[in-house]
Amino acid sequence: MSTTDHDLTGPAPAEPTEPVLSGAGRHGSLALLTGGRLVLALLALAAAATAVAAAGAHVALVTPILGLVAVIAVPAGLLYINLHQYLPEGAGGRLLTIPLTLLMLMLVGLALNTFLPLVGDSTPLGTTGVLCATDGLIFVLAVAALRYRAVVFSVPLPPAASTSRLVLGGSLAVVGLAVVGSIRLDNGAGGGVALGALIAEAALFVLIVARRDDLPSGVIHAALYAIALALLFSTSLRGWYTTGHDVRLEMFVFRLTATNQHWSIAQFRDPYNACLSLTILPTMILRWTGVAAPFVFKVFFQVLFAACPVLVYRFARVFFSKLIALLSFIYVVGFVTFFQDMPMLNRQEMGYLFFAGILVVIADPRLSPNLRRVWFVVLSVGMVLSHYSTTFFAIGVLAVAWCIGAVLPFVSRLRLFTRLRTGIPQLVESPRRLTIGPVLALVLVSFLWTTPLTHTSSSVGSDFTAVVDALRGGPGGRASDTSFALVPLGSTSASQAAVDLVMKDTNAARAAHPDSYYALGSGISVAPNLAASSTLPLTSLGRFASKEGVDVHEVTAAVRRWSALLLQLFIVLGLAGFVLLRRGEGTRSRDLAALGLAALVGLALQVLVPALSVQYGVARALEQSLLIVSPFWVLGTMLLIPARFGRLRATVATVLALAFFISSTGVLPQVLGAYGPQLNLNNSGDYYDEYYLHNQDVATVSWLQRAVYDGSSTTTSDVQMDPTLLAMARTFTNLNATNNVYPALVQRNAYVVLSYENVVLDRANYDTGSGYLVYNYPLGAMDQLKNLVYSTGATRVYR
Amino acid sequence: MLVVEEHDVVAPPETGGRQRRSRHPVIVLLAAAMLGGAAAVWFSPSFRHQVVLSTTERAAPYDELYFVSPTAPANVPVGRATSLRFTVVNHEGRTFRYEVSEGVGSPAGAHFSQVSVAVPDGDAWSGSVSFTPTQPGSYEVVVGLNPDVQIHATVEAGR
């Protein structure tokens with residue numbers, strides 16, 4: 001059954017239909033097991049995990065790993081046995097069992113949450129309910145899988161070839177290094193190991209690219225998964241508490257469900273709370289694994305999400321050579337949003353998993369049309385339950401792609417294109433797998449979930465109104481990450497606009513309640529004293545370069561600027577080449593071209609309509625688009641070299657991809673210095689300053705809760721807290737406070753809580769509605785005006 | 001996960017049993033050398049410190065100092081004895097000896113004293129600052145610890 005994959009230029013060949021082997025035993029690098037034995041093995045694992053979880057025994061590493069196996073791997077394995085005939089063939093189908101299992105868990109949890117209260121159980125998502133329901137699901141799947149007890153399945157054994165062993169060993173090493181690197185940083189040590197992990201990931205990737213024709217696809221998938229996981233861990237494991245922007249509110253809604261052992265949208269009617277990926281799913285994983293709540297997101301969600309780029313690799317592999325698919329992968333995971341922001345956007349991680357699954361289903365040439373529709377709709381349900389914005393962007397891209405696909409035959413007949421003899425007729429002739437029915441079903445499911453079922457669509461309405469206003473030329477904010485835009489966006493300084501807003505708000509508040517605030521002067525003014533961003537010191541290499549007359553900061557800044565510019569140019573160039581060239585790289589596909597064009601339309605709207613960029617963010621839209629268009633990025637770089645220089649072309653494309661990876665992940669600024677520090681490599685920088693929760697912060701908030709809130713009717717105006725500290729405090733308490741410590745707005749009778757960031761780093765944040773304005777904090781003035789009633793040296797409470 | 005290798009490369013056949021057997025002494029020697037090396041570095045305190053630093057949480061040490069009642073008394077009559085209780089909590093990861101300085105700055109001048117207390121890790125120690133206002137005005141109560149931690153409160157005294 002073994003075939004080799006020596007395709008340098010073409011897409012993946014057809015994979016063999018499974019199962020094709022007969023008789024249990026050993027077959028080369030595969031162990032052959034009957035379905036019956038596999039079911040028994042999986043049931044044994046589930047039984048062991050149930051016994052450990054039910055007993056409440058917590059053995060470090062053993063209990064969490066066993067729990068994760070029981071709640072994810074066992075149902076996924078049983079699902080695969082049951083559905084192997086209906087899933088996309090090969091690795092794509094096997095990987096699809098991950099999002100499908102997540103959907104099953106969300107639906108089982110939702111059923112528990114809905115029906116157990118009807119029979120008097122007010123805590124349906126407690127340990128007993130979750131364990132029994134998951135075991136019930138496993139039992140049903142196991143009984144159903146017994147239909148295939150005589151069918152032989154294969155399980156991979158450690159490969160014999162030394163290159164494969166080297167790659168697998170390297171895969172384990174990069175994950176281990178990333179974990180150790182993060183822990184060392186969290187313990188206050190340097191970032192050397194974390195930097196080593198990134199360099200090792202780049203080296204492993206070079207090895208995979210160089211030996212791609214010798215490596216079994218399973219080994220390549222495992223190595224790509226390891227690189228993705230290592231990158232995610234390098235950020236997600238920063239800090240012993242919840243670290244990051246969106247994850248703070250994500251933890252809040254997760255805690256709400258986990259603590260109440262019941263999910264209710266009425267408790268907190270917000271789109272976050274409508275994401276079952278943040279409420280029911282993590283609660284079920286928590287019950288099985290018994291870890292501290294933040295580590296469900298920090299570890300287990302990353303373990304699941306790391307499969308997403310591998311799915312994207314499989315998607316690209318349907319159309320392109322192994323080299324192009326591999327380079328697409330490195331662009332997806334090397335883009336800063338992937339490793340720096342996605343671990344802070346757990347609902348979106350789950351949404352992307354389902355979206356990537358939909359792409360694989362659309363692309364798979366061997367699925368029947370009916371099966372494709374079924375899987376599309378099933379995965380759409382998962383995406384809707386996981387994340388609203390991913391769903392809305394997906395609806396836009398898929399609908400526009402369908403329209404483009406429908407229009408393309410007419411375009412191909414235009415005289416301009418017939419004269420130019422473009423590749424469009426070839427695209428038109430390719431089979432069309434993206435149909436409108438499933439897209440409409442996705443719209444319907446999304447509407448049902450956000451409107452009649454959870455009533456959380458009001459934000460969609462306000463977003464739509466803002467977009468319409470913006471299109472009419474009205475005012476609107478703009479996300480800071482529109483810096484990814486190809487065209488400079490106006491000359492108004494965003495920070496000056498924010499300063500103006502702060503002063504206007506402050507003057508208005510002081511005029512309305514003049515007696516509530518302290519008099520201006522002696523360190524207190526209406527105008528903020530803006531804080532400067534931190535910068536890495538020059539390294540020895542940076543000093544050497546500087547002595548030679550190189551402006552080190554400008555070098556890194558230029559690389560970053562040009563990366564942002566070139567990535568967009570290469571994507572446009574690659575897509576244009578794919579559509580127009582008759583003899584371009586890859587399989588002609590109308591669906592792929594239409595999806596690529598639709599993703600670009602979505603991105604262009606994000607950049608040009610400010611209100612959209614505030615609601616979703618250009619960087620996040622670009623990351624979601626990259627799941628589709630990353631192969632075009634590679635194609636764009638390949639078009640730099642004529643096709644007849646095939647080896648040089650491949651080398652240049654690989655070098656450019658690696659250069660992007662090294663710059664984006666922080667290796668370049670780290671080895672030179674004189675640039676903004678990144679959280680995955682340093683205990684400094686904007687993300688560290690704003691989002692890193694320190695022991696002293698936790699102690700201070702806990703004291704406040706005991707000393708001030710305990711049994712009292714403290715109102716919001718009694719306590720003032722920096723918005724970043726308040727957001728983080730909500731991940732482990734139910735505190736309520738005014739999210740502002742701006743000196744001119746400090747009230748005479750209020751407690752003022754200053755965080756590690758405020759006291760040690762001399763930075764405070766003003767929430768302007770579309771971001772934070774960062775300013776220096778006048779501690780001396782506060783000492784003169786108020787009593788300092790609590791201090792850890794690094795944090796303070798004034799009264 | 002159940003996997004079929006879709007485009008597997010056929011592994012080269014194993015070389016003869018004799019060759020494999022001949023590798024055994026080398027492998028044993030290498031393993032022994034590695035074990036010996038590992039044992040040597042394990043007994044090095046700095047190596048052990050690095051291992052701990054790389055694998056387990058090492059909480060940053062700190063101390064808490066606070067007034068037991070966060071709202072200072074307002075308008076204390078002259079001549080009435082006043083006391084502000086405070087607490088020190090040790091999170092240094094070991095028993096720590098604090099030099100606690102406490103005092104009152106008043107219209108008549110300042111008076112400070114210092115006590116030395118040993119507090120086990122995780123434990124708290126409480127003390128108090130007492131004074132009697134002798135004339136109207138602001139009385140500044142200050143408590144400080146030897147690591148740079150300080151709290152203060154102003155008490156107004158009147159007739």
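Proteins come first, then strands; the chains are lettered A, B, ... in the order of their sequence lines, and each starts at number 1. Note that the structure is predicted; figures quoted are calculated from it, not measured.
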| Pick from B:Glu57, B:Glu140, B:His91, B:Glu64 with the largest number of heavy-atom pairs that fall under 4.5 Å of chain A | B:Glu57
| Got a second to check how far A:Gln696's CD is from B:Asp63's CG, nearest 0.5 Å? | 9.5 Å
| said: Around atom CG of B:Leu29, are there more than 12 heavy atoms from other residues, nucleotides or ligands closer than 6.0 Å? | reply: yes
| message | Counting only non-hydrogen atoms closer than 4.5 Å, does A:Ala73 touch chain B with its backbone (N, CA, C, O), its side chain (CB onward), both, or neither? | response | neither
| Partner residues of A:Tyr241 under the side chain to side chain donor-acceptor pair (under 3.5 Å) criterion, sequence neighbours left out | A:Asn695
| said: Shorter than 4.5 Å, heavy atoms on both sides: which option in A:Thr795, A:Thr700, A:Asp783 has the most such pairs with chain B? | reply: A:Asp783
| Close approach to chain A in residues 47-55 of chain B, criterion heavy atom under 4.5 Å | B:Gln50, B:Val52, B:Leu53, B:Ser54, B:Thr55
| query | If you count heavy-atom pairs under 4.5 Å between each of A:Val193, A:Ile183, A:Val797 and chain B, which one has the most? | reply | A:Ile183
| said: Checking the side chain of A:Asn187 only, and the main-chain atoms of B:Arg58 only, is there a donor and an acceptor separated by less than 3.5 Å? | reply: yes
Which atom pairs, donor and acceptor, lie under 3.5 Å between side-chain atoms of residues 66-86 of chain B and protein residues at least two apart or in another chain?
unit_1  : atom_1 : unit_2   : atom_2 : d
B:Ser69 : OG     : B:Thr71  : O      : 3.3
B:Thr82 : OG1    : B:Arg80  : O      : 3.3
B:Ser83 : OG     : B:Ser130 : OG     : 3.3

| field | Proximal to chain B - members of residues 784-794 of chain A, heavy-atom separation under 4.5 Å | value | A:Lys786, A:Asn787, A:Leu788, A:Val789, A:Tyr790, A:Ser791, A:Thr792, A:Gly793
